[in-house]
Amino acid sequence: MSDNRAATIHIDAEMTVQQVNMTYPACQAVFERHGMAGCGGPYGPPEPLSFFAAAHHINLPDLLRDLERAAAAPVAPPASQPAAATPPTPAAIFRPFVWSALGITLTLGGAWGVYNLSRIAFSRSLGGAPLSWSQAHGHAQIFGWVALFIMGIAYYVLPKFRNAPAAPAPLALTSLGLMLAGVLLRVSSQPWVSEGYAAGVMVTSALLELAAVVIFAASAVWVLAKGQAPNEGYEKFLAAALGSFLLLGVWNLWTAWVMARGGFGLMFGRLNDGLIVLALLGFAGNLIFGVSQRILPNFLGLKPSLPRFSTTGFLCFNAGVALSLLPAGPSFAAALLMLVGAAFVAAGLRIFEPPRMRVAIRGVDPAFAWFIITGYGWLLVGLAILLVVAAASSLAGRPLPLEVLGAGRHALAVGFVTSLMLGVGYRVLPVFQGVTLYNPALLRASFWLLLAGNVLRVGGESVVPYAGSAAAAVWAAVGLSGYLQLAAIVCFAVNLWQTMRQRVSAAQSPSIRQATLPSYPTASAPQPPAQAGPRFVPLASVTATRPPATPVPAAPAAPTSASGKGAAVELNAETRIAPLVERWPVIKEALVDLGFEHLRQLPAVPPMVTLGMASQMHGLKLETLIARIREVITETEEVHP
């Protein structure tokens, strides 16, 4: 490429990964070096470069410099075709896991669970449905829904977290086949284990599931060990999750063997309690904590994490998990440690504090955060219920009814684990595919349905033993909760199915059609209106969008100082900020004071950002922003005329 053409290339923080790759295909190699690994389809995700840099912990000026160098290289591929440097392996892994998990939960997990719950509610007794059916349904939810969904996401994101090669696709898909076979054999054998043939089938199912767990854990350990990224603290949670998952596989085989030898289809006492703790807290809980620390500060614009709180939470939480597995362990101490540990983890993550900024990514519905924040709330509620149950048994010597224990476990299984799975799924799966979410209304519907179902189930089971004459109405509410939660999963599945059917292609993208140098790439869609929420959003979250073609009325003139020099500068919604900062550099500091914190790390203000865009995305009135800039200009000219 000639020096003249190279001089026309300008890549800044406001452009998206997708736009850069469409315009300058040679830049794909730069993103691959930083762990993109096929995320977002052939052109990458529609995320601003500033967000990509923050999420992958890359120095933004260095990334921009490397991209401009790559774009100026004389051997760049034609702009009309994506470079074939990224193997399709990662995307080929997570999709079958996600679809299999949804298939299990919509049938053997959710639908069967709703049927069992309806029988229980109608009979007003936990014995209304065979307990072996309830446990088989729970097994399908743990190993078929939770484990498969988490495994698929982990196979995809762990290499990105650690900037490491992904596990071989055939190996990952083998673990999928083994786990699916194990779940199907388990639910078809446990209720009939008293029959001679079913006992061997159930043990075989546990062996298959253990093999799947071993393959997944070994692959994850290999990825973590091969990673080139420095350790950041979240890795200890992932290590604890993998250890708990392996122990869960062994525990599951042990319980299957005990049931097969005894000829009964139920797990009792510590066998059942330990399996639930390992699955929901040891495995899913630790993995959620680790992934949360890695992605949520950027996704939600959270305040800087508190590492000491997270470390204290990790130690307390996992000490409680370990104590709960002992044959005659101190259940009250275990429950207390898990609750305190979870509270410290949430406090260290600062998940319940107002965020420092509102992150807006084109095509990402911010309502995904509702699942995550309420999910952490349900975690504390569920652990608090388990603490009350343990206190009643250990200290008062009078165990509470099983319905109360079930309420606590359900708060953890659906309120915490499933809510986090849906929230993270809504956020990352469309980005993995490089498309936008199909229907935001379905996202909100699934949230409210899931929340209503959790409230009815957890609240109903907590009070039904003490409801007296109102017990029939409470049991009816408990029965209704199952239908609401199943409807929430259906909304999620439909939304995800329609989303994943979309494809990103150069022919369909306005960006690629306008990618002839030296023109500037234009986003394929205008920005949506600012969403309600915290006040500030980084300018880096505004995707590269030109101002609208139609004129925007100028804002009313703002008051100026007596000298009136600031009023001589024409300022309106279409005025670009970069030329103002170039002429009066002190304006940059004024913008930082107004909440544009990200400008501290940028070498220059992105050239396409206008006063109208900035005021809208930061929740500021245009008049207020203009008035402050006029004031700064006036003060500067009075000092340096």
Side-chain angles (χ1 to χ4, degrees), residues 232-245 247-248 270 273-294 296-297 302-353 372-397 399-400 404-417 419-420 454 458 462:
E232 301 175 25
Y234 68 88
E235 295 87 354
K236 58 181 176 289
F237 288 101
L238 302 185
L242 294 175
S244 296
F245 200 25
L247 185 54
L248 174 63
R270 288 283 174 175
D273 296 344
L275 188 142
I276 292 173
V277 168
L278 279 172
L280 299 182
L281 300 174
F283 169 52
N286 271 304
L287 197 139
I288 287 171
F289 292 159
V291 172
S292 294
Q293 295 204 9
R294 179 60 176 79
L296 292 189
L302 301 177
K303 295 175 182 177
S305 300
L306 305 174
R308 291 185 179 179
F309 278 59
S310 297
T311 300
T312 301
F314 169 80
L315 295 174
C316 291
F317 183 81
N318 284 286
V321 170
L323 281 178
S324 68
L325 302 179
L326 298 178
S331 59
F332 176 77
L336 180 60
L337 281 170
M338 288 188 290
L339 176 58
V340 170
F344 267 98
V345 170
L349 192 59
R350 309 180 81 169
I351 190 70
F352 298 123
E353 296 184 29
I372 293 170
I373 296 172
T374 57
Y376 270 92
W378 281 115
L379 168 66
L380 300 180
V381 169
L383 290 175
I385 294 175
L386 296 188
L387 179 62
V388 171
V389 171
S393 300
S394 300
L395 304 181
L400 295 178
V404 181
L405 177 62
R409 289 174 173 172
H410 196 85
L412 296 175
V414 179
F416 170 51
V417 176
S419 290
L420 265 293
N454 281 330
V458 176
S462 297

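Count residues from 1 along the sequence. Reckoned from all heavy atoms, side chains included, excluding hydrogens, waters and symmetry mates.
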- Query: Between S292 and Y234, do the side chains contain an N or O donor and an N or O acceptor separated by less than 3.5 Å?
  - Reply: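 The answer is no; no qualifying pair exists.
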
- Message: When you compare the side chains of Q293 and S310, does any donor N or O come within less than 3.5 Å of an acceptor on the partner?
- Response: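 On atom types as modelled, these side chains qualify, holding a pair under 3.5 Å.
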
- Specify whether F289 and F416 have parallel, tilted or perpendicular ring planes, treating 30° as the upper limit for parallel and 60° as the lower limit for perpendicular.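 Geometry flag for F416 against F289: tilted rings.
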
- Task: Return the orientation label for the F309 and F344 ring planes: parallel under 30°, perpendicular over 60°, tilted otherwise.
- Result: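 Ring orientation of F309 relative to F344: tilted.
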
- Query: Under the side-chain contact (heavy atoms from CB on, under 4.5 Å) criterion, do L325 and L278 qualify, and how do the steps go?
  - Reply: CA-CA 8 Å; L325 302 179; L278 279 172; 3.8 Å; yes

Determine the minimum heavy-atom distance between [X] and [Y], stating which atoms define it.
{"X": "A335", "Y": "A390", "value": "CB-CB, 4.1 Å"}
{"X": "F352", "Y": "I373", "value": "CE2-O, 3.6 Å"}
{"X": "R270", "Y": "S331", "value": "NH2-CB, 4.5 Å"}
{"X": "R409", "Y": "L280", "value": "O-CD1, 4.1 Å"}
{"X": "L302", "Y": "L349", "value": "CD1-O, 3.5 Å"}
{"X": "S462", "Y": "A407", "value": "OG-CB, 3.3 Å"}

Do [X] and [Y] come within less than 4.5 Å of each other through their side chains, counting heavy atoms only?
{"X": "F283", "Y": "L242", "value": "no"}
{"X": "L248", "Y": "S244", "value": "no"}
{"X": "T311", "Y": "K236", "value": "yes"}
{"X": "L405", "Y": "L400", "value": "no"}
{"X": "F317", "Y": "L281", "value": "yes"}
{"X": "V277", "Y": "D273", "value": "no"}
{"X": "L379", "Y": "I288", "value": "no"}
{"X": "V458", "Y": "I385", "value": "yes"}

Atom pair [atom1] ([X]) and [atom2] ([Y]), whose distance is rounded to the nearest 0.5 Å:
{"X": "L412", "Y": "S419", "atom1": "CG", "atom2": "OG", "answer": "11.5 Å"}
{"X": "F245", "Y": "L287", "atom1": "CZ", "atom2": "CG", "answer": "9.5 Å"}
{"X": "W378", "Y": "H410", "atom1": "CH2", "atom2": "NE2", "answer": "8.5 Å"}
{"X": "L387", "Y": "L339", "atom1": "CG", "atom2": "CG", "answer": "6.0 Å"}
{"X": "R350", "Y": "S305", "atom1": "CZ", "atom2": "OG", "answer": "8.0 Å"}

